[in-house]
There are 2 protein chains.
Amino acid sequence: MADADVGERFRAFLRDRNLPVTSQRLAIAELLLHAPGHLSADDVAAQLVEKGHTIGLATVYRTIDLLVASGLVLERDFGEGFRRFEPARDMPHHYHLTCTVCGAVSEFHDDRIEEIIRASALARGFVAARHRLLIGGTCRDCRSSSPDRRTL
Amino acid sequence: MADADVGERFRAFLRDRNLPVTSQRLAIAELLLHAPGHLSADDVAAQLVEKGHTIGLATVYRTIDLLVASGLVLERDFGEGFRRFEPARDMPHHYHLTCTVCGAVSEFHDDRIEEIIRASALARGFVAARHRLLIGGTCRDCRSSSPDRRTL
DNA sequence: CGCCAGATGGGGTCGATTCTCATTTGGAAC
DNA sequence: GTTCCAAATGAGAATCGACCCCATCTGGCG
């Protein structure tokens, strides 16, 4: 199944680099690789405490670095002043739509956007290695029943 | 001229809100509204010191908040761990191309990108109010003479 | 089982941003 | 021009995310 797979891929990554497979690393990987949303480092630490682990915040950060380096976890910055992390899914690039009323984040992918961005950068002499697109707006639900409209 | 204009627009904003027009606010606005690039709060404070002012960092932050609220200054986040600010120019939306080798930031605007983003969001039930696009890559100069290639 | 490079974690540091509060000041009223 | 008060200022403390330090512990090879 996919669950054992991602865990195994992290173990393989550690083995490749001759890095010890510790219980802390496995616990953090297990949690973050199966997280549904976008977790902050504190979220990860808090959920570990909930599960009865006592893992130092420093170790959480260090292990997240490993997971990001392995490509199994992606780093996100929503401009909150801290970073969030999410498991890398099959989706190669996905964009984030954030509702400025209810805060809901939804993700999507669009080949046309990616292609046009790449072409536009190239026309200006840049070879685009990566790009990030954040869209803020109001979702369908909040538009139909919006008591207040934020100007944001 | 345009210079007096932006300063006057900030004064008008303060008057509208019954906020005092202080010498510190004017000095910060004068500096930031005519800045060529993207300044951090520290950059602003440092340049004020250079000009002989002694303005507390707290006031710099507070005044920048006002300038952002007034729409005369835009807040940017390039993932450096701190924010940068730039005067809002005529350009309604512009995108940022950052060279991951030399760090150069160049700006551009592309109506096709904007249109396609808006349409793509709408197809998913979102009315896009704003969006941010950051592109990382290597510029022409760094590509022709790149000694090291960052994986970033 | 013993060893040791590397991991761990609690405390300390750092940098950006915001808060606190005593003091000063804009600007409207007199 | 003088008075007055709400609001601004600024120096330092507080906060918060992120990361470093170092004494201690442990994975995993021999």
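Order of the sequence lines sets the chain letters (A, B, ...), proteins ahead of strands, with each chain counted from 1.
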A.B. asks: Could you check if a side-chain atom of A:H94 sits within less than 4.5 angstrom of a side-chain atom of A:E86, using non-hydrogen atoms only?
C.D. replies: yes

A.B. asks: Please give, in whole Å, the distance from D:dT26 P to A:L19 CG?
C.D. replies: 19 Å

A.B. asks: If only side-chain N and O atoms of A:Q24 are considered, is one of them under 4.0 Å from the OP1 or OP2 phosphate oxygen of C:dG9?
C.D. replies: yes

A.B. asks: Side chains of B:Q47 and B:H53: donor-acceptor distance under 3.5 Å anywhere?
C.D. replies: no

A.B. asks: Over all strands shown, is A:L57 touching base, sugar-phosphate only, or nothing at heavy-atom distances under 4.0 angstrom?
C.D. replies: nothing

A.B. asks: Kindly check if the number of other-residue, nucleotide or ligand heavy atoms within 6.0 Å of CD (A:E75) is above 12?
C.D. replies: yes

A.B. asks: Side chains of B:H131 and A:Y95: do they bring a donor and an acceptor to under 3.5 Å?
C.D. replies: no

A.B. asks: Give the rounded distance in Å between these two atoms: CD of A:E75 and C1' of D:dC19.
C.D. replies: 14 Å

A.B. asks: Check this one for me: any side-chain N or O of A:Y61 less than 4.0 Å away from OP1 or OP2 of D:dA18?
C.D. replies: yes

A.B. asks: Once you round it to whole Å, what is the distance between P of D:dA18 and CZ of B:F82?
C.D. replies: 15 Å

A.B. asks: Nearest nucleotide by nearest heavy atom, which residue falls closer to the 5' end of DNA chain C, A:P20 or B:G81?
C.D. replies: A:P20

A.B. asks: Over how many whole Å does the gap from B:N18 atom CG to D:dA8 atom C1' extend?
C.D. replies: 15 Å

A.B. asks: Taking the six-membered ring for Trp and the full ring for Phe, Tyr or His, determine whether the centres of B:F108 and B:H96 are under 6.0 Å apart.
C.D. replies: no

A.B. asks: Would you classify A:S40 as touching base, sugar-phosphate or nothing, given that sugar-phosphate means primed atoms plus P, OP1 and OP2, and contacts are heavy atoms under 4.0 Å?
C.D. replies: nothing

A.B. asks: Quick one: is B:T22 getting a side-chain N or O under 4.0 Å of the D:dT9 phosphate, OP1 or OP2?
C.D. replies: yes

A.B. asks: Could you state the atom-to-atom distance from CD of A:E80 to C1' of C:dT17 in whole Å?
C.D. replies: 16 Å

A.B. asks: Measure from the side-chain heavy atoms of A:R83 and tell me the nearest of C:dT17, D:dA18, C:dG26.
C.D. replies: D:dA18

A.B. asks: Nearest-nucleotide wise, let me know which of B:A41 and A:T54 is further upstream toward the 5' end of DNA chain C.
C.D. replies: A:T54

A.B. asks: To the nearest Å, give me how far apart CG (A:D77) and C1' (D:dG17) are.
C.D. replies: 12 Å

A.B. asks: Counting only side-chain heavy atoms from C-beta out, which of C:dC19, D:dT9, C:dT17 sits nearest to B:T59?
C.D. replies: D:dT9

A.B. asks: Round to a whole Å and report the spacing from CG of A:L26 to C1' of D:dT26.
C.D. replies: 14 Å

A.B. asks: Measure from the side chain of B:A58, starting at C-beta and using heavy atoms only, and say which of D:dA11, D:dA8, C:dA7 lies closest.
C.D. replies: D:dA11

A.B. asks: C:dG6 base to A:R62 side chain: any donor-acceptor pair below 3.5 Å?
C.D. replies: no

A.B. asks: Nearest to the side chain of A:D42, which nucleotide is it out of C:dG6, C:dT17, D:dG17?
C.D. replies: D:dG17

A.B. asks: Starting from P on C:dG9, measure out to CG on A:L48 and report it in whole angstrom.
C.D. replies: 10 Å

